[in-house]
Amino acid sequence: MKKLMFIFLFIFAKSAFGQDLKMARKVIDTLTSREMWGRGYTKDGMAKAASFISSSFAAYGLVPMDGKDFKQVFSYPVNTFPAEMTLRINGKLLLPGKDFLVSPESRGLKEAKLILAQRDSVSFINIEHRLLVLLKDKLTWSVAPEAADYTVIEIDRKAITETPENIEIDIENKFLPEFQAANVCALVKGTQYPDSILLMTAHYDHLGSLGKDIYFPGANDNASGLALLLSLAKYYAKHPQPYTMAFIGFAGEENGLQGSKYFTAHPLIHLHHIRFLTNVDMVGTGEAGITVVNATIHPKEFTLLKQINQDKKYLSKINSRGKAANSDHYFFTEKGVPAFFLYTQGGITAYHDINDLSSTLPLNKFEDLFRLFIDFNKALMK
């Protein structure tokens, strides 16, 4: 009988976590869809993602952090490229995202044909029009909070076979001095110690679009983190804990940690009530383990995390890293909130490009990471 009961519980647990994995995949598919348009600054991509997260929190039964609205609205500047763009090098048409990128701070430029002067083996210029063309081995894009007085074009060197001698260019930028975004904030109130908070965070924004037709899906960065955040939110809504379990999906991370910077300056909860914060960013792989930023400044919690993993054998390795301003944990750390930033390692190498797709994201350690979070949070409440 005991053996049968064990088998039943094992099958039930596998089935339950399998449902969480199925849900996670659905979340990532939704966030990386064309409808969300890269969760950025054109076609309401970021706003649609925020509404999706807000609706999910409500459906799970969480409550707004401020008791009124899941969304904490704020604004910041950003440079965008919303219009159709054309680029030819030596008469050859190149495709945005695939063959070339426009440096995110660039101004627009429209010229029928410009002569390029070679500076070295990878850079070519037209001084009169303040244009720089660079050859790159890999195209990696980002977001900029300003518009410069020059234009930089980065070209995948595999896209052309000849030295760039002339360029035809039609690129339009649009600078938005006060782009409106929103952090999405929710909680499950603690049953015994509601003023003690465990906070879990992940940014939901990505790079948006480059031109009229190309967007950056951002599956690993960071639809994967949002999928884990929503999975945990749903779990804790069904299983309230002694401590308050709080969740934030941050906007504007790719544009300089704008969302977490704003939240820590205008907190909806008392920051000194946060027992611990765990931020996740790019957690869609994991065959090579995870890395924990801030591990060296919180050795007690890091030892606890490693001990749980050693006992349960969730992940192959947990690497230690020191303080770094590389995700949304940072401004909380600066305010004295104890925090970790976790990211997985191994697997796909797509990053800030058009190849960060849901279809190629393995999620092979997602369930184990979910279990590790549950156990770690439980241990923090002791």
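Values below: all heavy atoms of this structure, side chains included; hydrogens, waters and symmetry mates excluded.
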If you measure from [atom1] on [X] to [atom2] on [Y], what distance do you get to the nearest 0.5 Å?
| X | Y | atom1 | atom2 | result |
| --- | --- | --- | --- | --- |
| I155 | L134 | CD1 | CG | 8.5 Å |
| I318 | T303 | CD1 | OG1 | 11.0 Å |
| F366 | T344 | CZ | OG1 | 10.5 Å |
| T86 | K110 | OG1 | NZ | 9.0 Å |
| F373 | L229 | CZ | CG | 8.5 Å |
| K22 | R25 | NZ | CZ | 13.0 Å |

Indicate whether any N or O donor in one side chain lies under 3.5 Å from an N or O acceptor in the other, for [X] and [Y].
| X | Y | answer |
| --- | --- | --- |
| D328 | S260 | yes |
| Q72 | D66 | no |
| N173 | N79 | yes |
| S320 | K306 | no |
| Y150 | E105 | yes |
| Q241 | N377 | no |

Between [X] and [Y], is any pair of side-chain heavy atoms under 4.5 Å apart?
| X | Y | result |
| --- | --- | --- |
| R39 | T32 | yes |
| Y235 | D20 | no |
| H203 | D221 | yes |
| T30 | V27 | no |
| V73 | Q180 | yes |

What pair of heavy atoms forms the shortest contact from [X] to [Y], and how long is it?
| X | Y | answer |
| --- | --- | --- |
| F175 | V78 | CD1-O, 3.5 Å |
| N255 | P77 | ND2-O, 2.9 Å |
| S358 | I28 | OG-CG2, 3.5 Å |

Donor-acceptor contact present, side-chain [X] to main-chain [Y], <3.5 Å:
| X | Y | answer |
| --- | --- | --- |
| D205 | E253 | yes |
| T285 | G346 | yes |
| Q118 | D120 | yes |
| N309 | L315 | yes |
| T360 | L357 | yes |
| T151 | R107 | yes |

May I ask you to check whether over 12 heavy atoms, not counting those of [X], lie within 6.0 Å of atom [atom1]?
| X | atom1 | result |
| --- | --- | --- |
| I115 | CD1 | yes |
| R119 | CZ | no |
| Q192 | CD | yes |

- Message: Does anything in residues 266-280 form a side chain to side chain donor-acceptor pair (under 3.5 Å)? List the pairs, not counting sequence neighbours.
- Response: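 Output for this query lists T201-N279, R275-E301, N279-S327.
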- When the ring centroid of Y343 is compared with that of F341, is the distance short of 6.0 Å?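 Here the rings of F341 and Y343 have centres that are less than 6.0 Å from each other.
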- Are the aromatic rings of F276 and F340 close, with centres under 6.0 Å apart?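 Under 6.0 Å, so yes.
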Is [X] salt-bridged to [Y], going by a charged N under 4.0 Å from an acidic O?
| X | Y | result |
| --- | --- | --- |
| R130 | D149 | yes |
| D353 | K138 | yes |
| E334 | K323 | yes |
| K26 | D29 | no |
| D375 | K378 | no |
| K158 | D156 | yes |

- Among L132, L101, I171, which residue meets the side-chain contact (heavy atoms from CB on, under 4.5 Å) test with I153?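 For I153, the side-chain contact (heavy atoms from CB on, under 4.5 Å) check succeeds only for I171.
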- Message: Quick check on side-chain contact (heavy atoms from CB on, under 4.5 Å): which of V293, L257, L199 does H329 satisfy it with?
- Response: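 Answer after filtering V293, L257, L199: V293.
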- Query: How would you list, by chain and number, every residue that makes a side chain to side chain donor-acceptor pair (under 3.5 Å) with E35, sequence neighbours excluded?
  - Reply: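 By the side chain to side chain donor-acceptor pair (under 3.5 Å) rule, E35 matches K48.
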- Task: Anything under 30° is parallel, anything over 60° is perpendicular, the rest tilted; go ahead and classify F332 against F250.
- Result: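 Judged by the thresholds at 30° and 60°, the geometry between F332 and F250 is tilted.
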